[in-house]
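Every chain is numbered from 1 and lettered A, B, ... according to where its sequence line falls, protein lines coming before strand lines. Worth knowing before you read on, the calculation uses all heavy atoms, side chains too, and leaves out hydrogens, waters and symmetry mates.
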Protein chains: 2
Amino acid sequence: MIARTDTKDRILASADRLLRSHGFNGFSYQDIARPLGIRNAAVHYHFATKADLTVAVVESVRKLLHDRTDHFMAHGGDARLQMEGFLVFSIRECAADGCVCPVGALAADFFALPEPVQAAARRLVDDLVTWMTRVCTLGREQGSFRFQGDPADKAREILAALQGARQLSRVLGPSAIEAVAEQLRRDLGIAGV
Amino acid sequence: MIARTDTKDRILASADRLLRSHGFNGFSYQDIARPLGIRNAAVHYHFATKADLTVAVVESVRKLLHDRTDHFMAHGGDARLQMEGFLVFSIRECAADGCVCPVGALAADFFALPEPVQAAARRLVDDLVTWMTRVCTLGREQGSFRFQGDPADKAREILAALQGARQLSRVLGPSAIEAVAEQLRRDLGIAGV
DNA sequence: GTCTATAGATCGATAGAC
DNA sequence: GTCTATCGATCTATAGAC
């Protein structure tokens with residue numbers, strides 16, 4: 001059934017964009033239904049509750065992360081390429097539509113979120129930290145990165161900086177995340193590559 | 001009139017806490033009125049609209065920042081003390097109640113916010129960046145900080161990292177911001193002081 | 001300055017026809 | 001799978017008594 005899958009995917013894509021641009025409490029089923037030319041109730045058919053829909057969005061992002069990093073997590077690879085890919089990805093997404101990552105979108109309302117949504121956010125953050133920690137560990141072993149201290153701390157610092165930078169960019173413009181990304185490169189000793 | 005000022009201040013304090021814990025779209029006039037033992041309409045008497053109330057919250061934070069940094073901005077001082085004070089302040093606020101700074105609270109919904117609220121957020125971010133840039137500039141001149149590149153870039157990196165860390169801490173627990181703060185110190189060469 | 005009462009809108013969600 | 005219709009709740013904001 002092409003129609004079913006197609007509509008469900010469109011709903012998911014729309015919810016993804018709305019969640020990351022307006023936050024969990026900043027979009028409604030109406031906002032999703034109207035541009036798709038369907039009704040409120042049709043969205044509820046595919047995703048019974050707003051919590052279900054939001055969890056699905058977070059899980060789709062988590063799956064995207066796994067698709068892009070599973071090989072690296074299992075077999076290793078060039079840490080500098082992984083890092084640079086993530087920086088460029090963050091800058092491009094931020095500049096394109098000012099969207100933050102789902103974690104940043106959910107964190108602001110976190111204590112007011114349905115518990116399943118909180119749990120999904122936790123899973124995504126755990127995955128991001130695990131992956132970034134491996135990138136930092138391998139990068140230093142490979143002689144690509146220069147930093148002091150525990151790779152797990154450096155990983156959280158980098159993730160926090162990018163998350164915060166995407167939010168700063170909403171207020172200051174796209175130059176903010178570019179400046180932060182370039183400073184992160186300088187700190188790691190990979191600027192001007 | 002003690003009563004008037006007192007209630008207005010209580011409303012402001014309550015709104016501050018609610019904004020930073022639940023986001024702009026995550027709290028209502030009811031949430032403010034009930035714990036204070038007053039009614040919805042009484043809040044509207046002091047702050048006509050939710051935008052007015054939110055702008056007042058942001059401006060009060062901006063005033064607090066000025067009170068703490070005006071002397072430093074005018075006459076200089078010990079950059080390491082300014083930096084350490086800000087790190088400790090951020091950690092303590094984050095651990096106490098999981099609140100993010102107003103910028104982080106407003107950034108998630110930013111494109112859905114009333115324009116005056118967006119403008120107030122911009123003013124606060126500009127002030128923070130200006131101050132932190134001065135801290136970084138003086139810190140390097142004083143030989144306290146070690147970093148590559150433009151102090152304005154380092155300043156935005158640090159602010160972004162702390163803002164992101166406060167949000168990560170909601171998901172991962174208070175250890176996240178402590179780890180990020182310690183990594184920021186290591187990067188600057190002021191760890192273990 | 002605070003109240004009661006309510007307007008007016010929107011929200012998430014459900015029931016049932018098609 | 002999408003529709004119409006609607007429920008019940010909640011929200012921002014206002015009017016007017018006290």
Side-chain angles (χ1 to χ4, degrees), chain A residues 1-19 21-58 105-106 108-109 111-118 120, chain B residues 1-19 21-58 105-106 108-109 111-118 120:
Chain A
M1 302 297 279
I2 291 176
R4 184 176 61 88
T5 302
D6 196 51
T7 298
K8 189 164 185 173
D9 285 350
R10 284 167 192 256
I11 291 170
L12 208 55
S14 178
D16 176 76
R17 194 176 45 81
L18 283 165
L19 172 67
S21 60
H22 289 71
F24 181 81
N25 288 308
F27 76 96
S28 71
Y29 270 41
Q30 298 288 352
D31 296 329
I32 293 173
R34 199 176 304 116
L36 297 182
I38 60 178
R39 301 293 152 186
N40 183 348
V43 183
H44 277 284
Y45 168 79
H46 292 283
F47 300 94
T49 70
K50 195 176 181 181
D52 292 331
L53 174 56
T54 306
V55 168
V57 168
V58 177
L106 294 172
D109 321 86
F111 300 131
L113 294 177
E115 195 279 329
V117 178
Q118 293 187 5
Chain B
M1 304 298 279
I2 289 176
R4 184 176 62 85
T5 302
D6 196 50
T7 297
K8 188 164 186 173
D9 284 349
R10 283 168 193 256
I11 291 171
L12 208 55
S14 178
D16 176 76
R17 195 177 45 81
L18 283 166
L19 172 66
S21 60
H22 290 70
F24 181 80
N25 288 309
F27 76 96
S28 70
Y29 270 40
Q30 298 289 351
D31 296 329
I32 292 173
R34 199 175 305 115
L36 297 182
I38 59 177
R39 301 293 152 185
N40 183 347
V43 183
H44 277 284
Y45 168 79
H46 292 284
F47 300 94
T49 71
K50 195 176 180 180
D52 291 332
L53 174 57
T54 306
V55 168
V57 168
V58 177
L106 294 171
D109 324 85
F111 299 132
L113 294 177
E115 195 279 329
V117 178
Q118 293 188 3

Sidechain-backbone polar pair: B:K50 side chain, B:F27 backbone, donor-acceptor under 3.5 Å = yes
Classify every nucleotide of nucleotides 4-18 of chain D by which part a protein heavy atom approaches to under 4.0 Å, writing B for the base, S for the sugar-phosphate alone and - for neither, in 5'-to-3' order.
-> B------SBBBB---
Can you tell me how far C1' of D:dC3 sits from OH of A:Y45, to the nearest Å?
-> 13 Å
May I have the distance from B:D6 (atom CG) to C:dT2 (atom C1'), rounded to whole angstrom?
-> 15 Å
Backbone N/O of B:D6 and side chain of B:D9: donor-acceptor pair under 3.5 Å = no
Do the side chain of A:Y29 and the main chain of A:T49 share a donor and acceptor less than 3.5 angstrom apart?
-> yes
Quick one: are B:P114 and B:F24 in side-chain contact, heavy atoms under 4.5 Å?
-> yes
Give the stems involving DNA chain D, where a stem is 3 or more consecutive Watson-Crick or G-U wobble pairs (i with j, i+1 with j-1, and so on) under 3.5 Å.
-> C:1-18 with D:1-18
Do B:L53 and B:L12 come within less than 4.5 Å of each other through their side chains, counting heavy atoms only?
-> yes
Side-chain touch B:T54/B:L106, heavy atoms, less than 4.5 angstrom | yes
Could B:K8 and B:Y45 be counted as a cation-pi pair, given that NZ or CZ must be under 6.0 Å from the ring centre and within 45° of the axis?
-> no
For B:R39 and B:A33 the tightest heavy-atom approach is C-CB, 3.6 Å
